[in-house]
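Let me begin by presenting the structure, written as structure tokens, before commenting on it.
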Amino acid sequence: MKNLSALLFSCSFGAVAVRAQSTPSYRDKLLSFHKSIVEIPSISGTEPAVGNFLIDYLTEQGLATERQFLPSSNRFNVLAWPQPRASNRSRIVVTTHMDVVPPYFSYSRSGPEPPTAETVIAGRGTSDAKGSVAAQTLAVLELLAAGSVSGDDVMLVFVVGEEVNGDGMIHFSNVMAQRGTRPNVAIFGEPTNSTLACGHKGGMACNVFAKGRSGHSGYPASGKSANEVLMRALVKVIDADLGNSEVYGNTTVNVGLMAGGVAPNVIPAAANASLAIRVALGPQANGHLIVRDRLQEVLTSVDAEAFTLECPFGFGVVETNCDVEGFETDIMAYGTDIPRLQGNHTRYLYGPGDILRAHTADESITVGELESAVEGYKKLILHAIEPAKSKKPKKPKRC
Ligand SMILES: *[C@@H]1O[C@H](CO)[C@@H](O)[C@H](O)[C@H]1NC(C)=O
Ligand SMILES: *[C@@H]1O[C@H](CO)[C@@H](O)[C@H](O)[C@H]1NC(C)=O
Ligand SMILES: *[C@@H]1O[C@H](CO)[C@@H](O)[C@H](O)[C@H]1NC(C)=O
Ligand SMILES: *[C@@H]1O[C@H](CO)[C@@H](O)[C@H](O)[C@H]1NC(C)=O
Ligand SMILES: *[C@@H]1O[C@H](CO)[C@@H](O)[C@H](O)[C@H]1NC(C)=O
């Protein structure tokens with residue numbers, strides 16, 4: 001998940017979450033695979049080692065694999081699908097990312113051994129998102145062993161770079177478009193606490209530049225402090241309503257970086273701040289532009305001349321399909337690769353682990369969460385293959 005942020009609120013259908021049977025037959029296989037991939041650090045930019053491991057492992061499991069190299073890079077996405085496949089296209093893409101945020105924390109286990117559902121597995125990536133890598137892989141292998149999926153149904157896609165700029169998913173999306181092999185359904189794995197997400201907030205990155213005039217600090221009126229005007233504006237921005245909706249809550253602003261001035265006794269002529277904004281307005285394509293306009297208004301209200309606003313990147317709320325029986329549902333406040341996969345496919349967002357533990361030094365997951373996610377992914381894949389067979393669809397609920 002890109003950037004830690006709190007989940008908002010729960011809206012349940014009243015259905016119980018998918019639970020794994022008490023000791024699934026695949027427990028050892030799942031845990032040893034998960035351990036192997038967590039033990040390979042794979043901080044964004046350094047994914048080839050874990051990618052090579054995944055290619056070898058998935059090949060050994062009988063899947064066809066492809067290293068999908070990013071342009072002029074040694075970094076690659078891992079693609080894998082059951083053989084044989086009649087076409088070059090898989091209808092369902094089951095995907096997550098194999099990069100993790102820094103710093104690396106090694107794998108450890110606490111609680112009952114041999115493991116039970118309560119055993120806790122700690123380490124970087126155990127949840128975000130190698131918990132999803134492991135659960136998605138086991139779900140596909142289990143369905144394949146049961147004869148429930150075939151070559152053209154499903155493809156595993158583990159991308160690089162999600163935690164930084166999404167270059168892996170952007171490349172995958174471009175290649176699918178070029179080859180004419182876009183999927184009908186994409187199931188994205190991120191820690192959703194094993195709820196099926198109905199959507200997540202949008203995001204926008206903005207830089208605010210404040211221009212002042214230098215002068216001697218003893219004579220404040222002789223200049224104009226860029227730091228001061230920027231501080232006044234940012235406080236107002238934080239307190240402002242930049243856009244809210246019933247389902248997605250408030251648009252929130254993180255002032256992540258600030259810089260300004262040259263010396264304590266010089267009135268600062270220039271200052272800037274970089275903001276990460278979580279957008280609560282839709283639509284996906286341009287909901288963020290409304291927020292940008294409101295942000296501009298706040299800046300202008302503080303000082304009509306001092307500010308330049310640049311928002312190089314943004315999108316509105318991302319809606320996902322949560323219309324599947326048997327899952328609790330929720331709304332996420334973080335960003336994902338979902339908007340980077342272009343096309344007109346049905347999108348799901350689901351995965352094991354609690355986002356409040358992801359990106360922390362205490363990142364962890366329980367064996368029970370991993371196992372219940374294997375069952376959850378199986379259910380989603382089967383639903384995607386045969387939507388007609390599942391219970392009568394409900395209209396997507398907005399709580
Ligand atoms: C995830 O679930 C746990 C256990 O039910 C809960 O304590 C935690 O607050 C949940 N996390 C979020 C982000 O809702
Ligand atoms: C699948 O794609 C590869 C690479 O683009 C190409 O070489 C191959 O001919 C394609 N096969 C089919 C069945 O379309
Ligand atoms: C949203 O912002 C308003 C103030 O603009 C505040 O009263 C409210 O508590 C906020 N809601 C949440 C969920 O943080
Ligand atoms: C903000 O100013 C600092 C100091 O001049 C500079 O290093 C930084 O790159 C600036 N940030 C942006 C986003 O331009
Ligand atoms: C997307 O798919 C839906 C239903 O499958 C269809 O109604 C709609 O026209 C499609 N939109 C585009 C842009 O292809």
Side-chain angles (χ1 to χ4, degrees), residues 1 3-12 16-19 117-118 120 126-128 131 190-201 204-212 214 226-227 229-231 234-263 266 268-281 291 294-295 298 306-313 317 327-334 336 349-360 362-366 368-370 372-373 376 399:
M1 188 112 8
N3 295 344
L4 173 62
S5 189
L7 292 168
L8 288 178
F9 48 85
S10 272
C11 53
S12 169
V16 288
V18 179
R19 292 270 165 257
E118 281 71 47
V120 176
T126 45
S127 150
D128 188 6
E190 290 283 4
T192 66
N193 240 359
S194 302
T195 64
L196 185 60
C198 297
H200 67 68
K201 279 188 173 176
M204 180 164 62
C206 294
N207 299 313
V208 183
F209 300 92
K211 191 173 176 304
S214 62
N227 281 353
V229 78
L230 181 62
M231 287 189 290
L234 290 179
V235 169
K236 234 180 146 175
V237 166
I238 290 165
D239 291 341
D241 176 7
L242 297 179
N244 68 82
S245 58
E246 200 185 323
V247 172
Y248 291 90
N250 289 342
T251 294
T252 61
V253 177
N254 182 56
V255 181
L257 290 172
M258 295 178 72
V262 291
V266 176
N272 69 53
S274 298
L275 318 181
I277 300 174
R278 302 297 167 165
V279 174
L281 301 179
V291 173
R294 291 188 187 173
L295 176 56
V298 174
F307 297 107
T308 307
L309 176 65
E310 284 175 5
C311 302
F313 162 81
V317 298
F327 288 90
E328 289 186 12
T329 63
D330 206 349
I331 295 286
M332 305 294 135
Y334 51 70
T336 69
L349 172 59
Y350 169 85
D354 183 351
I355 194 58
L356 298 177
R357 273 180 276 139
H359 294 208
T360 72
D362 304 317
E363 181 166 352
S364 67
I365 199 161
T366 64
E369 285 177 286
L370 284 177
S372 114
C399 303

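In each ligand, atom 1 is the first atom listed, and ligand 1 is the first ligand listed. Heavy-atom basis, side chains included; hydrogens, waters and symmetry copies ignored.
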Point to revise | Distance filter under 4.0 Å to Leu356 heavy atoms, resulting ligand 1 atoms | key: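 Every atom of ligand 1 under 4.0 Å from some heavy atom of Leu356: 13 (C).
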Check your understanding: Looking at Asn193, which atoms of ligand 1 are within less than 4.0 Å of one of its heavy atoms?
Key -> 1 (C), 2 (O), 3 (C), 8 (C), 10 (C), 11 (N), 12 (C), 14 (O)
Practice item. Ignoring angles and geometry beyond distance, decide whether Asp330 reaches within less than 3.5 Å of ligand 1 through its nitrogen or oxygen atoms. Key: no
Could you check whether any side-chain N or O of [X] sits under 3.5 Å from a backbone N or O of [Y], counting only pairs where one atom can act as donor and the other as acceptor?
X: Tyr248; Y: Met332; answer: no
X: Thr251; Y: Gly243; answer: yes
X: Ser245; Y: Ala280; answer: yes

**Study point:** Residues in contact with ligand 4, criterion: heavy atom under 4.0 Å
**Key:** Asn207, Phe209, Ala259, Asn272, Ser274
Practice item. Only counting residues at least two apart or in another chain, list the ones meeting side chain to side chain contact (heavy atoms under 4.5 Å, CB included) with Ala259. Key: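 Here the qualifying residues are Asn272.
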Practice item. Step by step, work out the side chain to side chain donor-acceptor pair (under 3.5 Å) result for Thr360 and Glu363. Key: CA-CA 5 Å; Thr360 72; Glu363 181 166 352; over 6 Å; no
**Study point:** Minimum heavy-atom distance Asp354-Glu369, with the two atoms named
**Key:** N-OE2, 4.2 Å
**Study point:** Any residue meeting side-chain hydrogen bond (donor to acceptor under 3.5 Å, both in side chains) with Thr308, in chain and number order, not counting sequence neighbours
**Key:** none
Check your understanding: Considering residues at least two apart in sequence or located in another chain, which fulfil the side-chain hydrogen bond (donor to acceptor under 3.5 Å, both in side chains) criterion with Ser214?
Key -> none
Practice item. Report yes if some N/O of Asp241 lies less than 3.5 Å from some N/O of ligand 3; otherwise report no. Key: no
